[in-house]
There are 2 protein chains.
Amino acid sequence: MENNTPVTLKFLAEKLKMSVSTVSKALNDYPTINSYTRQRVKEMAQKWHFTPNKSALNLKEKKSHIIGVILPNLLDHFFTKSIYGIEQYAMQKGYNVIISQSYDELQKEILLANMLLRSRVDGLIIAISKQTKDFNHLDQFEKLGVPVVYYTRNPSFNLNCHKVLGNTFQGSYEATRFLISRGHKRIAYLGGPKMTNFTHDRFNGYINALKDGGISFDAELVAYTDFDKENTINAIQKLFMTESPQPTALVAFKEVIIFDAIKYLKSIKHPNFEEIECIGFGNTPFIHYLDHPPLASIEENPQSVGKNAIELLLKLINKDIGIGDYQKVMVDCKLVLH
Amino acid sequence: MENNTPVTLKFLAEKLKMSVSTVSKALNDYPTINSYTRQRVKEMAQKWHFTPNKSALNLKEKKSHIIGVILPNLLDHFFTKSIYGIEQYAMQKGYNVIISQSYDELQKEILLANMLLRSRVDGLIIAISKQTKDFNHLDQFEKLGVPVVYYTRNPSFNLNCHKVLGNTFQGSYEATRFLISRGHKRIAYLGGPKMTNFTHDRFNGYINALKDGGISFDAELVAYTDFDKENTINAIQKLFMTESPQPTALVAFKEVIIFDAIKYLKSIKHPNFEEIECIGFGNTPFIHYLDHPPLASIEENPQSVGKNAIELLLKLINKDIGIGDYQKVMVDCKLVLH
DNA sequence: TTTACCGTTTCAAACGTTTGAAATAATTTG
DNA sequence: CAAATTATTTCAAACGTTTGAAACGGTAAA
């Protein structure tokens with residue numbers, strides 16, 4: 001409008017008839033700069049809406065001020081909400097966030113990781129794909145000094161890495177205890193893909209709750225699936241189409257899986273599917289439209305998980321924490337009744 | 001690993017005992033460079049995994065290679081899917097995408113717009129909030145030569161701007177015709193927030209379909225709402241709690257609104273809510289879990305809308321199209337039966 | 001008057017790239 | 001064999017910022 005020459009330090013310096021370095025130092029509050037000069041510079045900068053050129057700064061500081069985020073997909077509300085926590089905090093600290101989806105495919109994840117590495121991101125936050133068992137494509141980040149924070153999903157074997165996880169043990173413990181308190185004796189457990197440890201903790205929460213509640217464990221009440229409907233149906237068949245006494249309640253590793261389960265039981269006209277009380281991880285807004293909504297949801301506080309992940313990552317980037325000093329952050333879950 | 005000095009042009013030049021400019025020109029296929037030299041340079045670059053430093057390039061080219069995207073939220077699957085179209089194409093062309101959510105609030109949108117402008121994005125793609133009536137915060141982009149593409153949501157009055165829209169006229173026309181073909185005589189129309197024109201086109205599609213189908217228009221069959229449940233209930237009351245003959249079908253500006261409608265009708269035990277045939281915009285994966293799913297969905301092809309938006313934006317950034325030569329792109333909808 | 005020492009400002013190099021102009025090397029021409 | 005021409009490489013400036021070192025003007029001490 002007024003002028004189309006870019007407002008740079010040089011521009012301000014010419015207006016003020018002083019050198020570029022004086023202007024720079026004045027804006028950065030160098031003590032050697034005369035306070036009157038500093039004031040004049042700041043006024044001029046404000047008047048012209050000066051903003052330091054990020055590319056120049058990046059070049060100088062050898063940083064990109066970009067954080068890479070890889071997650072399986074954006075259709076899962078957990079991830080969508082966690083992004084809000086990440087973006088909010090990153091933006092505040094002057095970082096930009098690049099979000100990319102692996103669609104739970106290892107090949108795609110590798111491609112994205114390489115892409116982000118080439119983009120020279122300053123750090124990476126990742127929820128690994130369900131296929132990821134090998135971590136070469138992620139280890140290269142740390143080798144180059146780029147910190148990586150694993151969030152939500154975490155390799156089952158003891159990998160040395162920074163992680164931010166939902167306290168799924170506590171989540172399924174509470175859910176199971178709640179079901180026990182409602183009088184259930186036969187509570188089924190439906191677990192997720194075995195390759196990521198998020199199954200493991202949930203299962204232990206269930207087991208411990210049973211023990212503490214004085215109910216003996218029955219392996220027939222446990223089945224596994226993933227995000228594939230067919231596998232879910234198989235699992236449901238294992239749990240509900242047996243000779244032994246049927247389960248009257250269900251704890252599932254993901255709430256959406258319960259929807260598939262109920263739909264299937266309904267389709268085969270399972271005699272008392274309406275009475276089965278289900279609780280799963282997640283808190284889908286959609287739930288209220290269902291005729292047979294789950295009894296409760298385990299709210300995973302995705303926003304908090306996201307915020308913790310970015311907070312940790314920034315500490316690593318700023319070397320407040322050593323890259324080899326591996327951290328583990330747990331975020332509690334909360335049982336939400338409907 | 002092998003070495004921690006950064007792989008730059010200078011680094012390669014020293015290895016090859018030639019000047020930085022030769023290396024640069026060889027990599028950029030300058031015809032003045034000897035082909036043998038070029039080959040040697042390229043081999044060396046490959047060997048050391050050379051990638052040009054983006055910050056340096058950005059500084060030189062006076063670009064950020066960042067595209068800003070502002071959208072109301074990520075919980076709506078339309079937006080989530082449209083992002084995929086945007087990101088995919090942008091990444092391919094060497095651009096990064098910053099996504100931010102306005103939560104349909106004008107104040108937040110203004111904040112984000114200013115933030116992105118200060119971040120020196122090369123272009124902006126925006127789905128305006130439902131509160132946006134004034135465009136100062138967006139006009140400043142074009143004034144500074146930063147192109148803006150409005151997508152999906154478009155100001156109702158005739159604003160000169162670049163837009164990529166779903167062909168909602170065609171979408172609701174087809175939906176209405178389909179309902180007529182199934183014998184419906186009283187088809188209600190439930191529209192959305194009036195401030196954005198996306199209501200307008202949909203309504204016209206409905207009207208024209210009625211006309212072409214030989215059904216006379218009845219103002220009593222039209223009501224408006226937004227994303228607020230209470231307003232939806234009011235609208236449903238207007239449509240379904242009257243003396244005059246009840247509607248037997250419904251066309252809604254958003255599919256999720258239908259869920260609220262059905263839920264309400266069910267809760268008040270509306271005598272024949274199960275027979276009402278509904279069609280809305282959107283194609284929610286969730287639909288299959290409902291006991292009374294809509295008859296059909298109007299698929300808006302969000303991915304294609306996103307892709308068209310970023311394609312147009314990049315053309316504007318590269319000045320293949322003049323910033324003042326306003327473009328309008330329409331993406332057809334498709335009726336999906338369930 | 002010279003020297004020393006402030007407080008303040010400016011110089012100059014650096015970050016990694018591109019690119020027109022200038023310099024050099026190689027080849028052809030007369 | 002010198003001159004002209006062409007092919008190839010290098011120089012140097014620029015993009016906008018930061019920052020240690022050098023320079024400046026002024027005052028105080030010797």
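Numbered from 1 within each chain, the chains take letters A, B, ... in sequence-line order. Side chains are part of it too, since the values below use all heavy atoms of this structure and drop only hydrogens, waters and symmetry mates. This is a predicted model, so every value here is computed, not measured.
At a threshold of 4.0 angstrom between heavy atoms, the contacts of A:Thr8 are confined to the sugar-phosphate backbone, with no base atom among them. Backbone-only engagement by B:Asn28 is indicated by non-hydrogen atom pairs under 4.0 Å involving sugar-phosphate atoms exclusively. Looking at heavy-atom distances under 4.0 Å, B:Tyr36 makes no contact with the nucleic acid at all. Using a 4.0 Å heavy-atom distance criterion, A:Thr37 is classed as a sugar-phosphate-only contact. Counting non-hydrogen atoms under 4.0 angstrom, B:Leu59 reaches a base of the nucleic acid.
Nearest to the side chain of B:Lys60, among C:dA14, D:dT10, C:dT17, sits C:dT17. Among the nucleotides D:dG16, C:dT17, D:dT10, the one closest to any side-chain atom of B:Ser19 is D:dT10. Taking every side-chain heavy atom of B:Ser21 into account, D:dC11 is the closest of C:dT9, D:dC11, D:dT17. Considering only the side chain of B:Ser24, C:dT19 comes nearest among C:dG16, C:dT19, D:dT19. Distance from the side chain of B:Lys10 is smallest for C:dC15 among the nucleotides C:dT18, C:dC15, D:dT9.
Here C:dA21 presents its P atom at 11 Å from NZ of B:Lys25, a figure rounded to the nearest Å. With rounding to whole Å, B:Asp29 atom CG is found 13 Å from C:dT19 atom P. One can place CG of A:Leu9 at 16 Å from C1' of D:dA14, the figure rounded to the nearest angstrom. One atom, NZ of B:Lys63, and another, C1' of C:dG16, lie 18 Å apart when rounded to the nearest Å. One atom, CG of A:Leu57, and another, P of C:dG16, lie 15 Å apart when rounded to the nearest Å. What separates NE2 of B:His65 from P of D:dC15 is a distance of 18 Å, to the nearest Å. One interatomic measurement links the two molecules: OH of B:Tyr30 to C1' of C:dA21, which rounds to 13 Å at whole-angstrom precision. A straight line from CG of A:Leu16 to P of C:dT9 spans 12 Å, rounded to a whole angstrom.
For A:Ala56 against B:Leu59, the heavy-atom pair with the smallest separation is CB-CD1, 3.9 Å.
Both B:Arg120 and B:Val20 sit near DNA chain D, but only B:Val20 has its closest nucleotide nearer the 5' end. Annotation: of the two residues near DNA chain D, B:Lys62 and B:Ile33, the 5′-most nearest-nucleotide partner is B:Ile33.
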Decide yes or no on ring-ring contact (aromatic ring centres under 6.0 Å, His included) for B:Tyr103 and A:Tyr84, but give the supporting numbers first. CA-CA 11 Å; B:Tyr103 291 90; A:Tyr84 188 59; 5.1 Å; yes

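Using a cut-off of 4.0 Å between Lys/Arg side-chain N and Asp/Glu carboxylate O, B:Asp29 and B:Lys42 are scored as salt-bridged. At a threshold of 4.0 Å, the pair A:Lys81-A:Asp76 does not count as salt-bridged, since none of the basic side-chain nitrogens sits closer than that to a carboxylate oxygen.
Between A:Tyr151 and A:Phe79, the two ring planes are perpendicular [angle over 60°; tilted spans 30° to 60°].
Note on B:Thr22: a side-chain N or O is less than 4.0 Å away from OP1 or OP2 of D:dT10. An OP1 or OP2 oxygen of D:dT17 is reached within less than 4.0 angstrom by no side-chain nitrogen or oxygen of A:Asn53.
With contacts defined as side-chain heavy-atom distances shorter than 4.5 Å, the pair A:Ile98/A:Leu116 qualifies.
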